[in-house]
Chemist: 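So that we are looking at the same thing, I have put the structure below in structure tokens.
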2 protein chains.
Amino acid sequence: MEMIEEDLVNVRPFAYAMSLIDGKWKVLILFWLWKKEILRYGELKRALGTITHKMLSGQLKELEKDDLVIRKEYPQVPPKVEYKLSQKGQTLMPVLQTLCTWGTDHMDDK
Amino acid sequence: MEMIEEDLVNVRPFAYAMSLIDGKWKVLILFWLWKKEILRYGELKRALGTITHKMLSGQLKELEKDDLVIRKEYPQVPPKVEYKLSQKGQTLMPVLQTLCTWGTDHMDDK
DNA sequence: CGGTATCCCAATTGATACTG
DNA sequence: CAGTATCAATTGGGATACCG
């Protein structure tokens, strides 16, 4: 049958997509921003309930690095920072919604 | 603003879907089975290249438990075991393909 | 208020050896 | 051939303290 790994199956793009949304809280953050449009750091933290400080800033930092969310810092004391979805982030949400819908349809399978 | 976690954002179904496909190799396995229809254990292992024995059987076991793949064992020596997508697995693939396509479109962003 | 750094524990994964 | 078992290495995440 002679199968070489190569790209009979090219999942590189999928792996890329997955790498953007893995991390325990990323998708939850994205969904909140999708729904609320703009949230401050503290609002996001309260919304997510049990997330730790470290995780939230870490996940946000990665989301920003990957260009899925945009961080806006107001130069004032005390600090004020707002987060919202980027254009790229916006395009991702319908796809995640699709997966969410699939989940809804199959959670009670078997 | 008073945000309670609850289900302003209901990602339970998404979390469910993610739980089925996390694990380093699961999606890759699913794509191969999608493409090839039926593969023996050894074929799958060669196809995946660097996957370890332990990982492959582990991931397959979970995929089978979650009803995404079907395992068929032939009672013979030496053993012969075939894997293929279940009906549920089939329905998932177009969704994953969507994510894959999104990845293709955005891998070279920025 | 928003973010970083450190330490520690829990969960995943890899290497290797063994089995029917 | 198709697994399972064991142990080591790596990774991810929580708690906490500190900084601008």
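Naming: A, B, ... by sequence-line order, numbering from 1 per chain. Nothing here was measured: the structure is a model prediction, and the numbers come from that model. Computed over heavy atoms, backbone and side chain alike; hydrogens, waters and symmetry mates excluded.
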Chemist: Using the C1' atoms of the five pairs at each end, what is the angle between the end axes of the helix from C:dC1-D:dG20 to C:dG20-D:dC1, to 10°?
Modeler: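 Taking the rotation axis at each end, their angle is 40°.
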Chemist: Taking it one step at a time, do A:Tyr41 and A:His53 satisfy side chain to side chain contact (heavy atoms under 4.5 Å, CB included)?
Modeler: CA-CA 10 Å; A:Tyr41 179 91; A:His53 210 39; 2.9 Å; yes
Chemist: Is the ring pair B:Trp34/B:Phe31 parallel, tilted or perpendicular, if the boundaries are 30 and 60 degrees?
Modeler: tilted
Chemist: Can you tell me if NZ on A:Lys80 sees more than 12 non-hydrogen neighbours from other groups inside 6.0 Å?
Modeler: yes
Chemist: Please determine whether salt bridge (charged side-chain N to carboxylate O under 4.0 Å, His left out) holds for the pair A:Glu43 and A:Lys45, giving the CA-CA distance in whole Å, both sets of side-chain angles, and the decisive distance to 0.1 Å.
Modeler: CA-CA 5 Å; A:Glu43 293 173 333; A:Lys45 185 158 192 320; over 6 Å; no
Chemist: Atom CD1 of B:Ile29 and atom C1' of D:dA2: how far apart are they, to the nearest Å?
Modeler: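 Going from B:Ile29 (CD1) to D:dA2 (C1'), I get 14 Å.
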Chemist: Quick one: list whatever passes salt bridge (charged side-chain N to carboxylate O under 4.0 Å, His left out) with A:Arg12, sequence neighbours left out.
Modeler: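 Counting only residues at least two positions away or on another chain, A:Arg12 forms no salt bridge (charged side-chain N to carboxylate O under 4.0 Å, His left out).
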Chemist: What do you reckon, is NZ of A:Lys26 surrounded by more than 12 foreign heavy atoms closer than 6.0 Å?
Modeler: yes
Chemist: Write down the atom of B:Leu96, the atom of B:Ile21, and the distance for their closest heavy-atom approach.
Modeler: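 Heavy-atom minimum between the residues: CD2-CD1, 3.9 Å.
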Chemist: Identify whether any heavy atom of B:Lys45 sits under 4.0 Å from a base atom; if not, whether one sits that close to sugar-phosphate; answer base, sugar-phosphate or nothing.
Modeler: nothing
Chemist: Rounded off to whole Å, could you give me the OH-to-P distance for the B:Tyr83 and D:dA2 pair?
Modeler: 8 Å
Chemist: Taking any heavy-atom pair under 4.0 Å as a contact, classify B:Thr52: base, sugar-phosphate, or nothing.
Modeler: sugar-phosphate
Chemist: Over how many whole Å does the gap from A:Asp22 atom CG to D:dT11 atom C1' extend?
Modeler: 12 Å
Chemist: Pick the nucleotide of DNA chain D nearest each of A:Gln59 and A:Pro79; which residue has the one closer to the 5' end?
Modeler: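 Of the two residues, A:Gln59 wins.
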Chemist: With sequence neighbours left out, write down each residue that passes ring-ring contact (aromatic ring centres under 6.0 Å, His included) with A:Tyr16, or none if nothing qualifies.
Modeler: none
Chemist: Let me spell it out: for each of A:Pro78 and A:Ser57, pick the nucleotide of DNA chain C with the closest heavy atom. Which residue's pick is nearer the 5' end?
Modeler: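 Per heavy-atom nearest nucleotide, the more 5' residue is A:Pro78.
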Chemist: With hydrogens left out and only the distance checked, is there a donor-acceptor pair under 3.5 Å joining A:Lys24's side chain and the base of D:dG13?
Modeler: no
Chemist: So, for A:Val69 and A:Tyr83, which heavy atoms are closest and what is the spacing to 0.1 Å?
Modeler: CG2-CD2, 4.3 Å
Chemist: Could you list by number each residue of residues 12-20 of chain A showing a heavy-atom separation from DNA chain D of less than 4.0 Å, or answer none if no residue does?
Modeler: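 When residues 12-20 of chain A is checked for heavy atoms under 4.0 Å from DNA chain D, there are no hits whatsoever.
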Chemist: Could you tell me whether the side chain of A:Ser86 and the main chain of A:Asp67 form a donor-acceptor pair under 3.5 Å?
Modeler: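 Here the side-chain-to-backbone pair exists.
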Chemist: Is the side chain of B:Lys35 donor-acceptor paired with the backbone N or O of B:Leu30 at a distance under 3.5 Å, no angle test?
Modeler: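 Not confirmed, B:Lys35 side chain does not pair with B:Leu30 backbone.
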Chemist: How many Å lie between CE on B:Met55 and C1' on D:dT11, as a whole number?
Modeler: 13 Å
Chemist: OP1 or OP2 of D:dC1 less than 4.0 angstrom from a side-chain nitrogen or oxygen of B:Arg40, does that happen here?
Modeler: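 Result: no.
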Chemist: Flag the pair B:Glu82 and B:Lys84 as a salt bridge only when some basic side-chain nitrogen lies within less than 4.0 angstrom of an acidic carboxylate oxygen.
Modeler: no
Chemist: Just by modelled atom types, is the B:Trp25 backbone N or O under 3.5 Å from a matching donor or acceptor in the B:Gln59 side chain?
Modeler: yes
Chemist: Expressed in angstrom and rounded to an integer, what is the separation of B:Leu39 atom CG from D:dC1 atom C1'?
Modeler: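 One finds 15 Å between C1' of D:dC1 and CG of B:Leu39, rounded.
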Chemist: Tell me if the CD atom of B:Gln87 is crowded by more than 12 foreign heavy atoms within 6.0 Å.
Modeler: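 It does not: B:Gln87 CD has 12 such atoms or fewer within range.
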Chemist: How many whole angstroms separate atom NZ of B:Lys54 from atom C1' of D:dA8?
Modeler: 10 Å
Chemist: Students should find this one: the first and last nucleotides of DNA chain C, 5' to 3', lying under 4.0 Å from a heavy atom of chain A. What are they?
Modeler: C:dC1 to C:dC7
Chemist: Tell me which residues in residues 68-75 of chain A put a heavy atom below 4.0 Å from DNA chain C, sorted by number, or none.
Modeler: A:Arg71
